[in-house]
Amino acid sequence: MDKEQLLAHLHDSILETDPDEAASAAQAVIDGGIDAMEAIQVASAAVTKVGDLFESGDLYLPSLMLAGEAMKRSMGILSRHLSAEQASQKKGKVVIGAISGDIHDIGKNLVATMLSVHGYEIIDLGVNVPPMEVIDAAQRENARFIALSALMTTSMPYQRDVMELLTEMGVRNRFYVVLGGGPVTPEYARQIGADGWGLSAVSAVKVCDRLLESNERPPVQSIFLQE
Amino acid sequence: MTLNRDRLMDVLEKAHKGPIIKQFDWDTRTIPGTIAAKLKKYGLQKTCDPANPINQDLELADRYFEAALEVATETGMLCTDTQRAIRYSRDELLAGLDAAPAAFTLGEGKEVAHFGHRSISDPVPPIWVSPLSIAVSEDVFEPLVIGIASVPEVDCLEGPSFETIWGAPLRAGSPYELLAGKMQAERFYSAISKAGRDGIGLYAVGTSPTHYGVLGGFGVPGGYKPERDIVLVLSPVEIKTSYENLMKLAHAYNCGGQTYGGSWSMIGGYAGGPEGAALSCIACTIMLYNVYQCVNGASFPYDLKTMGNCGRNALWSLGVVFQALSRNTHICANSVLNQTAGPVTECLLYESAVGMMTLSVCGTSSCTGPRTAGGKYTNYITPLEVKFAGEVFKKTAGMSLAQANEIANRLLPKYEHELGHPPKGQSFQQCYNLETLQPTDEWRKVYDTVKNDVIAAGMPLS
């Protein structure tokens with residue numbers, strides 16, 4: 001296959017939500033001597049298209065998750081071949097999870113996938129994650145963001161615990177903290193000192209982008225998007 | 001009906017010996033793949049008809065049931081703690097449904113609620129369980145429960161739930177939750193006594209996101225009473241269970257209690273569109289009655305985009321689920337209605353009107369609701385929308401599917417444009433006098449306006 005065919009194969013394997021094929025295609029791209037950053041841009045275009053199809057209701061959550069997995073697998077191969085300068089252009093890691101007591105994963109999966117689609121590296125801690133585990137993971141992974149969802153009012157106090165622990169441990173200024181979930185209102189997010197809050201998965205991406213663009217050390221003036 | 005020990009032990013055995021399936025594969029391949037295959041096999045693709053939000057084709061509902069039985073047989077229910085599927089043969093699943101009662105009671109004395117299987121357009125009024133476990137502050141709990149229990153249409157109580165316990169934030173899965181289980185029962189018994197509704201059946205435990213609330217509140221001295229109340233076992237999506245759920249089940253067995261099995265499927269979620277969500281809900285319900293031996297409950301669809309189930313696609317899906325269950329089982333199926341707008345808004349009452357009518361005519365035995373303002377805001381629930389929803393639910397019993405569909409089509413244009421961004425409305429304290437427990441004139445006027453409008457649209461509420 002020539003360069004165009006190799007890149008088209010990578011693009012289509014993500015669009016067709018096939019993680020195994022995407023990994024093979026990414027390896028073939030590297031073996032073909034194609035610039036990794038160029039391939040990442042092609043892969044990103046494909047996964048963005050999947051995101052658009054999800055937003056319009058033409059694709060459903062499993063496809064979005066598989067596309068996210070396909071992107072993750074291909075990025076695992078492509079990112080090893082980025083130059084130091086190219087690698088520095090990546091948006092950074094997001095440690096994400098549904099906080100203690102909450103086993104609802106749809107919203108969290110949706111946000112994780114959309115962030116992944118838009119160039120963030122996702123460390124997904126799953127559901128029912130204790131506050132200290134969130135912070136340990138964020139420190140271990142040297143994350144830029146901590147993203148926490150809660151769909152139950154009885155889990156929201158654990159979001160507050162994360163904020164308090166970050167402060168008490170003297171690491172609050174290392175992480176942007178963004179919140180979401182049905183009962184988590186902008187008022188609550190502001191009250192507990194979060195940096196960002198988004199109504200939807202799409203707005204979560206915008207919130208993270210804006211926080212990055214602000215280039216300020218956390219805590220920052222909160223960014224809340226009701227879109 | 002108390003739980004059968006052999007069936008319970010069989011469930012636990014299957015949860016530890018069933019086929020291994022990783023949760024990611026379950027969510028992205030097992031569920032969507034099986035649902036898609038059965039939709040295709042049974043010709044169910046693109047059968048959702050938003051122009052007719054209440055399905056009129058009962059043969060279609062029957063095909064959904066047959067397809068769902070195959071889904072349930074092939075997938076089973078995933079235990080997320082063991083990553084194994086609990087599976088039964090088709091015959092075993094049908095036997096499990098047969099073992100569920102066609103009638104049962106909750107409550108005691110003059111407040112006994114008689115649940116029974118209902119047919120399509122059944123003239124027997126269904127049972128109204130109210131409200132959902134919407135969080136309220138401790139000072140609001142008692143007046144709100146008194147207000148809701150004073151609504152004559154209310155047959156049983158589930159919520160509200162507490163935001164704090166003796167002033168401390170209520171943390172799920174912590175000792176606070178264990179304490180809150182019993183505290184909620186005590187506060188309920190006190191409030192219903194003041195409302196003159198001693199004996200009313202309670203769904204336990206609203207304030208129990210994990211199993212700890214149930215362990216702390218059900219069957220303990222002063223807590224919920226196994227002989228008259230019921231344990232809520234709410235399964236995670238999609239067609240999953242967990243140790244938390246199975247511990248609630250085991251605790252219900254230990255206490256000689258009955259179980260309610262509930263779950264949901266999101267339109268746009270793991271099962272796909274409205275057709276997939278409907279199919280998943282029916283399959284999940286089959287599993288709930290087998291795994292939890294429940295006497296009441298079901299899985300219900302709602303829409304990921306609106307986080308409610310009163311829009312056209314969700315109503316259609318909701319109707320098909322309960323038509324299928326009504327015509328093909330004798331269970332006492334319960335649905336949940338998820339409104340999105342808050343108190344003192346017309347949108348909330350129109351959502352309730354169309355949603356409750358749909359459930360009443362499609363054969364649900366009972367409904368739990370409302371989920372006012374999507375359950376998002378503390379203290380955003382009032383007795384008046386509880387009353388309105390109950391009136392519609394009971395008084396539309398016996399209405400034909402065709403008539404209900406016509407009314408739904410008249411009323412949907414009044415609110416469906418608001419579902420994406422529903423009005424928040426006002427809190428209980430803002431729109432009620434907490435001393436007299438009467439709504440403000442503003443809220444009463446909204447109620448009267450919408451009630452007159454739905455009567456004009458053909459609902460027999462007068």
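Below, chains carry the letters A, B, ... as their sequence lines are ordered, and counting in each starts from 1.
With respect to chain B, the highest number of heavy-atom pairs below 4.5 Å among A/I103, A/T185, A/V127, A/I106 belongs to A/I106. When B/P209, B/P169, B/A135 are compared by the number of non-hydrogen pairs under 4.5 Å with chain A, B/P209 comes out ahead. Most heavy-atom pairs under 4.5 Å with chain A: of the set B/E238, B/K305, B/Q23, this distinction falls to B/K305. Across A/D161, A/N128, A/T153, the residue that shares the most heavy-atom pairs under 4.5 angstrom with chain B is A/D161.
Heavy-atom distances place no part of B/T164 under 4.5 Å from chain A, backbone and side chain included. Contacts of A/E187 with chain B are absent, with no heavy-atom separation under 4.5 Å from either backbone or side chain. When heavy atoms are compared at a cutoff of 4.5 Å, A/M152 approaches chain B solely by way of its side chain, counted from C-beta outward. For B/I267, no part sits under 4.5 Å from any heavy atom of chain A, backbone or side chain. Residue B/Y212: no heavy atom, backbone or side chain, is found under 4.5 Å from chain A. At a 4.5 Å heavy-atom cutoff, the contact between A/P19 and chain B is made by side-chain atoms alone. Neither the backbone nor the side chain of A/D102 comes within contact range of chain B; no heavy atoms are under 4.5 Å apart.
Side-chain atoms of B/K376 do not come within 3.5 Å of backbone N or O of A/G181 as any donor-acceptor pair. No donor-acceptor distance shorter than 3.5 angstrom exists from the side chain of B/Y176 to the backbone of A/T154, with no hydrogens or angles considered.
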Let me see the working for A/Y188 and B/T378 under side-chain contact (heavy atoms from CB on, under 4.5 Å), right down to the final yes or no. CA-CA 11 Å; A/Y188 179 76; B/T378 301; over 6 Å; no

